[in-house]
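Take a look at the structure set out below.
Chain letters run A, B, ... following the sequence lines, proteins first, then strands; residues in each count from 1.
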Amino acid sequence: MSKLRSTLGIFLIAMVAMTGGFFLRQYIANKQFNPEQLQATVFPNARPLPEFRLDSSLGKTLSNKDIKGQWTFMFFGYTYCPDICPTAMSTFQQMLSYIPQDKKPRVVFVSVDPKRDTPERLREYLAYFNKDFIGLTGSKQELSKLTDKLGIVYLKVPMKDVPDPDKNYLIDHTGAVILLDPNGDEYALWGSSHNAATLADEYQKIVAHSTFKGAV
Amino acid sequence: MRIILLSIMLLMSAAHAETAADVIKIKNAYVRATPPGQSVTAAFMQLNNQGKQQHKLVDADSDVAAMVQLHKSANENGVMTMRHVSSIKLMPGKSRALKPGGYHIMMMSLKQALAPGDTVPVTLHFADNTEIKLTIPVQAINGSQQS
């Protein structure tokens with residue numbers, strides 16, 4: 001009888017421990033990663049990008065295969081912009097400083113202003129922030145392959161009362177930050193208004209929770 | 001006697017009609033340094049209206065830029081926009097921040113590169129035809145994150 005009781009006791013303790021362990025694990029997992037709590041929108045299934053070929057600040061044409069093998073932050077803008085774009089570039093630079101060396105993502109700036117932003121101009125501009133930042137641009141047709149898929153809009157806005165309106169114009173553009181996974185697919189995005197610490201934190205959580213854990 | 005009365009009235013009206021140049025106080029002004037080849041930049045600052053009337057900033061100019069305009073950046077449903085504005089209202093007793101992502105003084109066709117440590121002359125023009133002359137330090141883009 002006492003043997004039965006102690007067996008039952010051990011069994012109960014084991015049950016409690018297992019159940020407790022299960023809930024504790026769930027709790028920790030939830031605490032570590034809950035896409036709902038991120039500012040980022042993480043897609044349930046990564047969305048492949050269409051085939052693109054764009055001129056780059058590296059002096060050669062880049063295509064989908066060139067952005068594989070590493071996580072990539074992608075931002076759309078133009079170098080003539082004095083406010084939003086330099087702020088974003090500087091935010092990315094700051095974000096990288098919060099991420100360990102072996103986990104640092106690639107940063108790609110896509111100019112939607114090919115008329116003024118030549119590959120050389122992009123190289124010069126981006127090197128000011130970080131020599132590893134890559135600039136891409138191309139014809140409207142080539143750009144639209146990316147922008148259409150990623151939901152990026154841009155619109156040339158003429159300025160009044162300026163000399164040389166061909167050179168002096170503004171461009172409205174979507175301010176989203178896109179995260180591409182090591183397959184070169186769209187994995188997550190952040191709407192506009194970005195904070196370096198938040199981006200670094202959420203990026204690392206997203207990567208840790210992805211199936212690409214080892215590959216960065 | 002009439003002359004004395006008239007002078008008193010004039011003095012009183014002068015005391016009453018405050019000018020923007022007298023009551024607008026500028027704080028934390030900076031101009032963003034330019035990446036190589038960049039021909040545009042922006043000036044940011046806090047404008048505090050310590051007067052009793054509303055004033056309006058209507059224009060600005062600077063020797064280092066061929067064109068200077070008042071601009072406003074905004075986030076409209078995820079799209080970042082920037083527009084020329086004809087004036088920036090300064091309400092009595094209130095501060096107005098010109099800051100990244102909002103109002104700024106857009107400086108175009110720069111005549112020189114601007115590096116941290118440089119200073120830039122900027123003149124602010126107000127609706128009452130008064131002006132404030134500033135000498136604004138240039139700050140690295142990284143150093144200008146505080147908003």
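Of the atoms belonging to A:Ile171, it is backbone heavy atoms, and not side-chain ones, that fall under 4.5 Å from chain B. Looking at A:Cys85, neither its backbone nor its side chain comes within 4.5 Å of chain B, counting heavy atoms on both sides. The parts of B:Thr81 that come within reach of chain A are both its backbone and its side chain, each placing non-hydrogen atoms under 4.5 angstrom from that chain. With a 4.5 angstrom heavy-atom cutoff, A:Asn168 touches chain B only via side-chain atoms. Neither the backbone nor the side chain of B:Ala66 has a heavy atom closer than 4.5 Å to any heavy atom of chain A. Both the backbone and the side chain of B:Met82 come within contact range of chain A, each with at least one heavy atom under 4.5 Å from a heavy atom of that chain. Residue B:Glu76 does not touch chain A at all, counting heavy-atom pairs closer than 4.5 Å. At a 4.5 Å heavy-atom cutoff, the contact between A:Val157 and chain B is made by side-chain atoms alone. The contact between A:Lys160 and chain B is made entirely by backbone atoms, counting heavy-atom distances below 4.5 Å. Proximity to chain B is absent for every atom of A:Tyr154, based on heavy atoms less than 4.5 angstrom apart.
In the model, B:Glu18 has a side-chain atom that pairs as donor or acceptor with a side-chain atom of B:His55 under 3.5 Å. A donor and an acceptor atom, one from each side chain of A:Asn130 and A:Gln93, are located under 3.5 Å apart. For A:Asp83 and B:Ser73, the side-chain atoms include at least one donor-acceptor pair closer than 3.5 Å. Counting only N and O atoms by type, the side chains of B:Thr19 and B:Asp128 include no donor and acceptor under 3.5 Å apart.
For the pair A:Arg121 and A:Tyr80, the NZ or CZ position fails the cation-pi test of under 6.0 Å to the six-membered ring centre and within 45 degrees of the ring normal.
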(message) Between A:Trp190 and A:Tyr203, does the ring pair (Phe, Tyr, Trp, His ring centres under 6.0 Å) criterion hold? Intermediate values first, please.
(response) CA-CA 10 Å; A:Trp190 289 266; A:Tyr203 161 71; 7.8 Å; no
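Interatomic distance, A:Lys104 NZ to A:Asp132 CG, rounded to the nearest 0.5 Å: 10.0 Å.
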